[in-house]
Every structure is written in structure tokens, then in C-alpha cells.
Protein chains: 2
Amino acid sequence: MRDAAPQGTYKVQALDRAFAVLDLLGESETPLGLAQVAASLQLHKSTAHRFLMVLERHRMVERTANGKFRLGLRLFDFGNRAIEQYDLRDRAQPHLRRLVAETEETAHLALLEAARVIYIDKIEPTRSVRMITRIGASNPVHCTSVGKAILAFLPPERASEILKRVRFERMTTRTIATPEALRAELEKTRRRGYAVDDEELEEGLRCIAVPVLDAQRLPVAAVSVSGPSFRVTAQKLPTIANHLLQCVRGISMDMGYVPAGRGARTALSA
Amino acid sequence: MRDAAPQGTYKVQALDRAFAVLDLLGESETPLGLAQVAASLQLHKSTAHRFLMVLERHRMVERTANGKFRLGLRLFDFGNRAIEQYDLRDRAQPHLRRLVAETEETAHLALLEAARVIYIDKIEPTRSVRMITRIGASNPVHCTSVGKAILAFLPPERASEILKRVRFERMTTRTIATPEALRAELEKTRRRGYAVDDEELEEGLRCIAVPVLDAQRLPVAAVSVSGPSFRVTAQKLPTIANHLLQCVRGISMDMGYVPAGRGARTALSA
DNA sequence: ACGCGCGTCCCATCATGTGAGAACCTAGGA
DNA sequence: TCCTAGGTTCTCACATGATGGGACGCGCGT
């Protein structure tokens, strides 16, 4: 096969193809027909058809009224089982709600995975423009407050391991573009106690984040507050950060974290 | 292969096996080791290993610190893409929030799939015992208020098509057990305008639901309010139903539904 | 030390999935 | 009306790709 198949050594053609189908359907805004799928993936019609049928049997895809294919709800089921195992999300929700009530801005809960952050929950204030983020979506670490918050408080060796894998894509003019700059920023984050994303991911969007710690006092996630730069002003940052810290302390303690004794320096010390 | 492979005509062994692996990991509370997976699925160690590696490459599974496997976050991503296509959930959230504030009980948003309902969102009142339901989980139609709400207002032919596939599992002593009883109940639901589940799914749990209609005035989902029977009393039902109706009208209109003209009888008429 | 369970890896074998083709259907456009 | 495009369902010969036996090495408990 002339398949792109990068470095991954183990291969099961059928699986790669099946996931390619799911990927395709996931990317596409609109449901796709058999022919489109076959063409996009360079599969023979009959091959693509077989895959689609099997996927449908497993309810990984389903058909719309006009016979086109889209992702199936089984995936939704799986997805929820997947995060259930970190039951962070359920525990965090009430705290996030309070945070949103206090700040009147959108709050996100995100996990670190490889060199990206994945948003696992989002709470929006009642009256606010809908933010574009999608639960389940991901962004690079280097241009998000949550990414920086987690990275800053990870043990140095794990942090640099991740740093090595960052590709420093440029999202806006302010996006951090070099490893050195990022390291400096992380140091700043540590001193300040919270991470800031000042329009580094998206013009006009400012975010501030603090890590959630587990029983080992290691960051497992982060919570951020995001809003338009004109509302989330530099003056307000400390206030918001305070709310954030309280929120995150609550979540962390729900997760089994015990505050450090006197003198110990951790992400959540006052 | 002596694989259980039921009636499904199209087959791709590798895919069936891969999904069996995911299923297994999804069912299991705790991460599993290679040997456990191989044993449970009657696969050769090396076969299971290959699958796991490929799945890991696709981030459909991931490994814990001690090398065991669990579902990966990619599934979470896929799952969220899957429901995104019905963007019902996002639109519904604010309405559900209001509903929960008004009733002080848990609200669910559910879709119909085959002869089951899938919960796609859940909002709980701030101070309440956590309900056991999991977003993404599913239940049979015949013993849930959401199921009955949707079924009752579906066009007769689609409804009976689904009715045929109901297996009438008995969940409690009050669970509806025959097609006739269910048909009668649906008729009652239509007249009343809302569906009730009176401890038919779970002892001590009472729910009430109303369908969400789309632009074609067809039910695409349902919203329910659930709570312990001692709080959700018969007297309160009409009040709750009113809140529900208002909520669902809001969601339906957000989805492009236009209220019926005078005289027309639909699920959402006063 | 040894044995055991577990994960990893290699490789000869052949069952499996593959893709070409062809027939048939349906809906929609010219 | 015919014609085209897309989808569904066959069959079949082939070789590729998945399979599982088995070997290796590690860490652990005894």
C-alpha cells in the first residue's frame, strides 16, 4: 500500500481504513454518500461499501434519510465512557458553575494529551455570545492558557519531554513562537501562580488558567476563564485569578488533593 | 471463525474484533492488561497486542502508567463530533438550565435511536444527590418518560415500526410489559400532552417528559424532569409539565419549529 | 536462584479481505 | 422519453494482510 502510514510500526490495514472513514465523516460538515467516501479515501466502491456496512452494524456510523453517512451515536457512548474513567468532569461541574457565576465569563476544563490540550467541559454564562470552542476539540499547548498552566507545574522532565514535541504553530501575531520564549513564559506563570493567554490563540480573546492538582499534587487538568479582551482587562486579572484559584482548589480537593503544609510551594498556594 | 457474529451479513473480522476490544474496555470499570483482553476475547496474545497497538496509534485507547489499557480520548473527540451534527445539545442547554432552576430537579435531554433512548445531556440542580445516569448511556423506550414522549408523537407508522422492536425488559414491578399496554399508555400520553414514568425504570424514581419538535413538527428528542417519587408527586405533575412545555417550546423554536396555527393539534399545543 | 506471568517481537502460513466486474435499482435531469 | 449518477448486491480469483505459534526478556514474588 502506498498509504502515508508514517512511523507507526504496527499495522492493521482494515483498522486504519475504518478510522480513516470515521475521520472523514468527522471532518465533514455534512453527511457523505458512498461515492464521496470511496473517492476521498481512494477505495474501491465495493470496499468502501463493505466498511460502511460494518461500521453501521456497530452503530459507529448511521445513515441520514437520504442514504448518506455520518458518525453514529455509538461513538458518543464510547466517548463518554472514555472520559468517565477520569471522573474529573462530573466532580468539576459544580465548581465551574460557581466560577462562571462569579466571573460572568466562559469557563473551560481541559486535559493534557500529548502536546495538545483537550477541552472536556465548557460552561458559558447565561447571557453571552456563544464561543466557538467545541467540547472534545483540542488545541496546541503553547498558545492556550490551560496548556501553559499545566505545563508550568509539571515536573521539569515531563514538561521538557512535552516541550520537545510542540510545533509552535503561529495562530496570531502574539503567539509564542520559540521554545525559549515558552520556557520564559512558563517561569513567569509559575511565579504569578496562573497562566495567561493574551490573544495568542485568537485575536481579541484573552484567557487565564490555573491547573487542577491530583492527590500526588501533579497537574492533571486546568480550568480557564476566557472572554473578549475588552472585558477581561489587565486590571481584572488578579480578581479573576482569585476566583479561579478558589474554584480549582475545590476541584482538586474533590479529587483527593490535600493542600500543602506551611512553606511548601505548589501551584495552589495562596 | 467460530465467532459469535450474529446475523449481520457484511463482515470484516478485524473490525469486529477491534470494536470488541473497545467494548470490553468500555465495559470494564478499570483498565485492563493485554493478557486480560486477550483472554476475555479469546484472541491470541499477539493478535490482541497488535490490535491494541494500532488502536493506541489512533488514540482510541491509551495506556495507564502501569501499562494497562483504557479507552482513549480520541473517542471523546469523535463522540462530540457525532452529536455536534445534531446541534440540539448546545441550543438546548440554556433552556434546560432554566428548567432545572424552576423545578429544582434533574433534567435530561435524550434522542431516540433504534428502540432505545440515548441521553445526550443532563443538568442537575445545584444541591441534589448525584443521579446515576451517564451522558451517552441508553435505556429502552418502553420504560422511560423520554421514550414514551417521543414515541407518542411520532407518525403512527414510524412508531409501530419501533414498537415492533421493543423487547419489554422488566425493570421494576411497574414496568410496562406488553405492546398493548404500551399503546394505551402512548394514547394517554397524547391526550395528556406529556409522558410519565412512574417508577417503571427504577424504584422510587418518577419522571415526566415532553418531546422536542423540529421544523417538520416531528419529535427529534425529548426533555425530562426526574426526581424521587416523594418530591415529584402527582399533584406537582401539572406544574412541572408546564415548565417542561415552556422549556421544550423554547428549544423547538430554536431548532426552527414554528408553532402550529389555530386549531392544529400538535405535541406542543397548550 | 528459579518459575511465572506478562508484554514484545518475528515470521511462515493461509485465511481474509480485496477489488474488478457486472447486473439491477432508483431518482433526477435533459 | 432516455440517460446518467449513485447506491446495492452478487460473484470470484488472487495475493496481501492478518494470524497465531513460538521465542525472548523483563520484573516480581517466593
Side-chain angles (χ1 to χ4, degrees), chain A residues 1-25 28-72, chain B residues 1-25 28 30-72 216:
Chain A
M1 281 306 89
R2 146 272 0 276
D3 191 271
Q7 61 288 40
T9 135
Y10 291 91
K11 206 172 151 195
V12 176
Q13 191 198 50
L15 274 191
D16 287 337
R17 288 176 163 186
F19 290 132
V21 170
L22 293 181
D23 257 331
L24 183 66
L25 293 179
S28 152
E29 297 296 318
T30 125
L32 300 177
L34 169 62
Q36 294 167 290
V37 174
S40 309
L41 270 52
Q42 320 230 52
L43 293 180
H44 195 273
K45 233 186 3 168
S46 94
T47 306
H49 185 248
R50 188 165 359 102
F51 273 103
L52 260 342
M53 297 315 270
V54 175
L55 288 172
E56 190 188 19
R57 177 154 50 77
H58 287 277
R59 300 190 3 245
M60 308 301 275
V61 309
E62 58 186 41
R63 325 194 58 162
T64 59
N66 55 36
K68 302 204 177 287
F69 298 88
R70 68 166 161 210
L71 294 183
Chain B
M1 283 304 90
R2 145 274 359 273
D3 193 272
Q7 60 288 41
T9 136
Y10 290 91
K11 206 173 148 193
V12 175
Q13 194 198 50
L15 271 191
D16 288 337
R17 289 177 163 185
F19 290 132
V21 170
L22 292 181
D23 256 329
L24 183 68
L25 294 179
S28 154
T30 126
L32 300 176
L34 168 61
Q36 297 167 311
V37 173
S40 310
L41 268 48
Q42 319 229 51
L43 292 180
H44 194 273
K45 243 188 349 172
S46 86
T47 308
H49 183 247
R50 185 162 6 96
F51 275 104
L52 259 341
M53 297 314 273
V54 175
L55 288 172
E56 189 188 19
R57 179 155 47 81
H58 287 276
R59 299 191 1 245
M60 308 302 273
V61 309
E62 57 185 42
R63 325 193 60 162
T64 59
N66 54 36
K68 301 203 177 286
F69 297 89
R70 68 169 163 208
L71 295 183
Q216 285 78 247

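Chain naming here is simple, since letters A, B, ... match the order of the sequence lines and numbering starts at 1 in each.
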Ala14(A) side-chain proximity, nearest of dT19(D), dA18(D), dG20(D): dA18(D)
Residue-phosphate contact under 4.0 Å: Gln13(A) side-chain N/O, dG17(C) OP1/OP2: no
Derivation and outcome, side chain to side chain contact (heavy atoms under 4.5 Å, CB included), residues Thr64(B) and Arg70(B): CA-CA 7 Å; Thr64(B) 59; Arg70(B) 68 169 163 208; 4.2 Å; yes
Trace of the side chain to side chain contact (heavy atoms under 4.5 Å, CB included) decision for Lys11(A) with Asp16(A): CA-CA 8 Å; Lys11(A) 206 172 151 195; Asp16(A) 287 337; 3.4 Å; yes
Phosphate OP1/OP2 of dT16(C) contacted by Arg17(B) side-chain N/O (<4.0 Å): no
Arg50(A) vs dG17(C): side-chain N/O to OP1/OP2 distance below 4.0 Å: no
Under 3.5 Å donor-acceptor, Ser40(B) side chain and Gln36(B) backbone: yes
Under 4.0 angstrom between Thr47(B) side-chain N/O and dG20(D) OP1 or OP2: yes
Stepwise side chain to side chain contact (heavy atoms under 4.5 Å, CB included) test for Lys68(B) and Leu32(B): CA-CA 5 Å; Lys68(B) 301 203 177 286; Leu32(B) 300 176; 5.9 Å; no
B/S/- contact track for nucleotides 2-8 of chain C, protein heavy atom under 4.0 Å: ----SBB
Pairs flagged by ring-ring contact (aromatic ring centres under 6.0 Å, His included) wherever residues 35-54 of chain A is involved - sequence neighbours left out: His49(A)-Tyr10(B)
Rounded (10°) bend between the five-pair end axes of the helix from dA1(C)-dT30(D) to dA30(C)-dT1(D): 30°
Heavy-atom donor-acceptor pair, Ser28(B) side chain to Leu24(B) backbone, under 3.5 Å: no
